[in-house]
Amino acid sequence: MRLILLGPPGAGKGTQAAFVCRKLVIPQISTGEMLRSAIAAGTPLGRQVQRVMDAGELVADDTIVDLVKQRIRADDCKNGFLFDGFPRTIPQAEALGEANIAIDHVLEIRVPDDIVVMRISGRRVHEASGRIYHLRFDPPRVQDTDDQTGDALIQRDDDQEDTVRERLRVYRQQTQPLVGFYRRLAAAGEIGFSAIDGAATVVEIEREISRVLRLPGDPNASGTR
Ligand code: AP5
């Protein structure tokens, strides 16, 4: 299964990606996580993209497409993968087509802006693993501490309110056109496409995604981590 999760910042893509990937035993390919790892490691790529990400803008299409093409050559992608936060522009989506990388299903998670701001302001992450928490909706067992490692949780550099508003603007302008792009492919019978109400609870969204993708097992039994 080759999947794309589409949606604005804070929609819950990372949260739901972890759930779907556990169910299907496929890797979660988050371009945002790959870029943050490069920054944390101080690589040339990390140095190149840090300013752009801190400003809430998009990294250049060529850089992202090269990164993704290289990642999906890995063995763990043989049975499929889930793109979380990629593609984000029409040229990125076209690059997939040109490279004959077929997609089975696109899930669009829809969330209004006021919920996005509330979710992002309360988000805390475990930097090393990318595990996601929310102060109110999905708190860690011990305050500000990762459940599995005991490490301190952090707030992402691009989660400041001004940057979030810029990320939302960029989403509307550059990424939302992909909804029409993939709806047209779905109408032509080339892919599956489902719009999901992302304002629901995590478990309700898991249940809806399980239904449209016909995932195995009981979503109530999964938990978010
Ligand atoms: P990226 O890391 O992809 O960030 P994003 O798309 O802005 O999405 P987020 O990670 O902010 O949110 P999410 O939808 O995953 O929500 P989450 O599950 O965490 O990209 C970051 C940057 O990298 C970009 O700005 C750009 O610069 C660059 N970049 C990345 N990919 C690129 C590309 N392809 N091209 C160019 N540049 C690229 O949930 C949010 C919070 O809400 C959490 O606290 C969670 O616990 C909580 N939550 C989740 N679901 C629910 C729910 N149903 N109810 C209540 N709370 C919930």
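Fair warning: this is a prediction, and the values are worked out from it, not measured in the lab. Each ligand, and each atom within it, is numbered from 1 in the order the structure gives. All heavy atoms count here, side chains included; hydrogens, waters and symmetry mates do not.
- With hydrogens left out, the protein atom closest to atom 44 (O) of ligand 1 is Tyr133 O, 2.7 Å, a heavy atom.
- Open room surrounds CG on Asp62; 12 or fewer heavy atoms of other groups in view lie less than 6.0 Å from it.
- Proximity of Ser30 to ligand 1 is not established, as no heavy-atom distance is less than 4.0 Å.
- Through side-chain heavy atoms spaced under 4.5 Å, either directly or across other Ile, Leu, Val, Met, Phe, Trp or Tyr residues, Val170 is tied to Leu58.
- To the nearest 0.5 angstrom, Asp159 atom CG is 9.0 Å from Ser121 atom OG.
- The protein atom (non-hydrogen) at minimum distance from atom 49 (C) of ligand 1 is Thr15 OG1, 3.4 Å.
- In this structure, atom 27 (O) of ligand 1 lies nearest to the protein heavy atom Glu57 O, 2.5 Å.
- Counting heavy atoms under 4.0 Å from ligand 1, residue Val202 touches it through both backbone and side chain.
- Here's the thing with Asp158: none of its N/O atoms is less than 3.5 angstrom from an N/O atom of ligand 1.
- Heavy-atom distances between Ala11 and ligand 1 reach below 4.0 Å in at least one pair.
- In this structure, Arg156 has a heavy atom closer than 4.0 Å to ligand 1.
- Of all protein heavy atoms, the one lying nearest to atom 16 (O) of ligand 1 is Gly12 N, 3.1 Å.
- Listed by atom number, the atoms of ligand 1 under 4.0 Å from Ile205 heavy atoms are 53 (N).
- Scanning the protein heavy atoms around atom 31 (N) of ligand 1, the nearest turns out to be Thr31 OG1, 2.7 Å.
- Distances below 4.0 Å separate heavy atoms of Gln92 from the following atoms of ligand 1: 33 (C), 34 (N), 35 (N), 36 (C).
- Put simply, the side chain of His134 gets close to the backbone of Met118: a donor and an acceptor are under 3.5 Å apart.
- By the 3.5 Å distance cut-off applied to N or O atoms, Phe137 is not counted among the residues near ligand 1.
- Evaluated for a side chain to side chain contact (heavy atoms under 4.5 Å, CB included) with Asp158, the options Ile120, Val164, Val52, Thr163 yield exactly one hit, Thr163.
- Of the protein's non-hydrogen atoms, Leu35 CD1, 3.7 Å is the one closest to atom 28 (C) of ligand 1.
- With Asp84 as the fixed residue, the side-chain hydrogen bond (donor to acceptor under 3.5 Å, both in side chains) test singles out one of Lys13, Gln28, Gln16: Gln28.
- For CD of Glu127, the number of neighbouring non-hydrogen atoms (other residues, nucleotides, ligands) closer than 6.0 Å is 12 at most.
- Polar contact check, Phe86 against ligand 1: no nitrogen or oxygen pair lies under 3.5 Å apart.
- Residue Lys13 places at least one N or O, backbone or side chain, under 3.5 Å from an N or O of ligand 1.
- In this structure, Ala200 counts as a contact residue of ligand 1, since one of its heavy atoms falls inside 4.0 Å of the ligand.
- Residue Asp54 qualifies as enclosed at atom CG: its count of foreign heavy atoms under 6.0 Å is above 12.
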Hey, mind stepping through Glu161 and Arg165 against side chain to side chain contact (heavy atoms under 4.5 Å, CB included) and telling me if it holds?
-> CA-CA 6 Å; Glu161 187 166 339; Arg165 297 215 177 269; 3.1 Å; yes

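- Which of Leu135, Val49, Val59 comes nearest to atom 36 (C) of ligand 1 through a heavy atom is settled by distance: it is Val59.
- The protein non-hydrogen atom at the shortest distance from atom 33 (C) of ligand 1 is Arg88 CD, 3.3 Å.
- The existence of a salt bridge linking Asp146 and Arg131 is confirmed by a sub-4.0 Å separation between a basic side-chain nitrogen and an acidic carboxylate oxygen.
- With values rounded to the nearest 0.5 angstrom, Ile209 atom CD1 is found 12.5 Å from Glu204 atom CD.
- Heavy-atom minimum distance, Pro9 versus Arg167: CB-NH2, 3.5 Å.
- When side chains are defined from C-beta on, Phe193 counts as touching Val179, because their heavy atoms get closer than 4.5 Å.
- Here the rule is salt bridge (charged side-chain N to carboxylate O under 4.0 Å, His left out) with Asp75, and of Arg73, Arg71, Lys78 only Lys78 fits it.
- By the criterion of a heavy-atom distance under 4.0 Å, the side chain of Ile132, and not its backbone, is placed next to ligand 1.
- Using a non-hydrogen distance threshold of 4.0 Å, Arg36 registers as a contact of ligand 1.
- Heavy-atom neighbours of Asp162 CG from other residues, nucleotides or ligands within 6.0 Å: at or below the threshold of 12.
- Of the protein's heavy atoms, Gly14 N, 2.8 Å lies nearest to atom 15 (O) of ligand 1.
- Ligand 1 lies less than 4.0 angstrom from a heavy atom belonging to Pro8.
- Here's the thing with Val52: none of its N/O atoms is less than 3.5 angstrom from an N/O atom of ligand 1.
- Note: no N/O pair closer than 3.5 Å links Arg124 and ligand 1 by distance alone.
- With sequence neighbours excluded, the residues satisfying ring-ring contact (aromatic ring centres under 6.0 Å, His included) with Phe81 are Phe83.
- The shortest N or O to N or O distance between Gly56 and ligand 1 is not under 3.5 Å.
- In terms of polar-atom proximity, defined here as any N/O pair under 3.5 Å, Arg167 does make such a contact with ligand 1.
- Annotation for ligand 1: atoms under 4.0 Å from non-hydrogen atoms of Gly85 are 31 (N), 32 (C), 33 (C), 34 (N).
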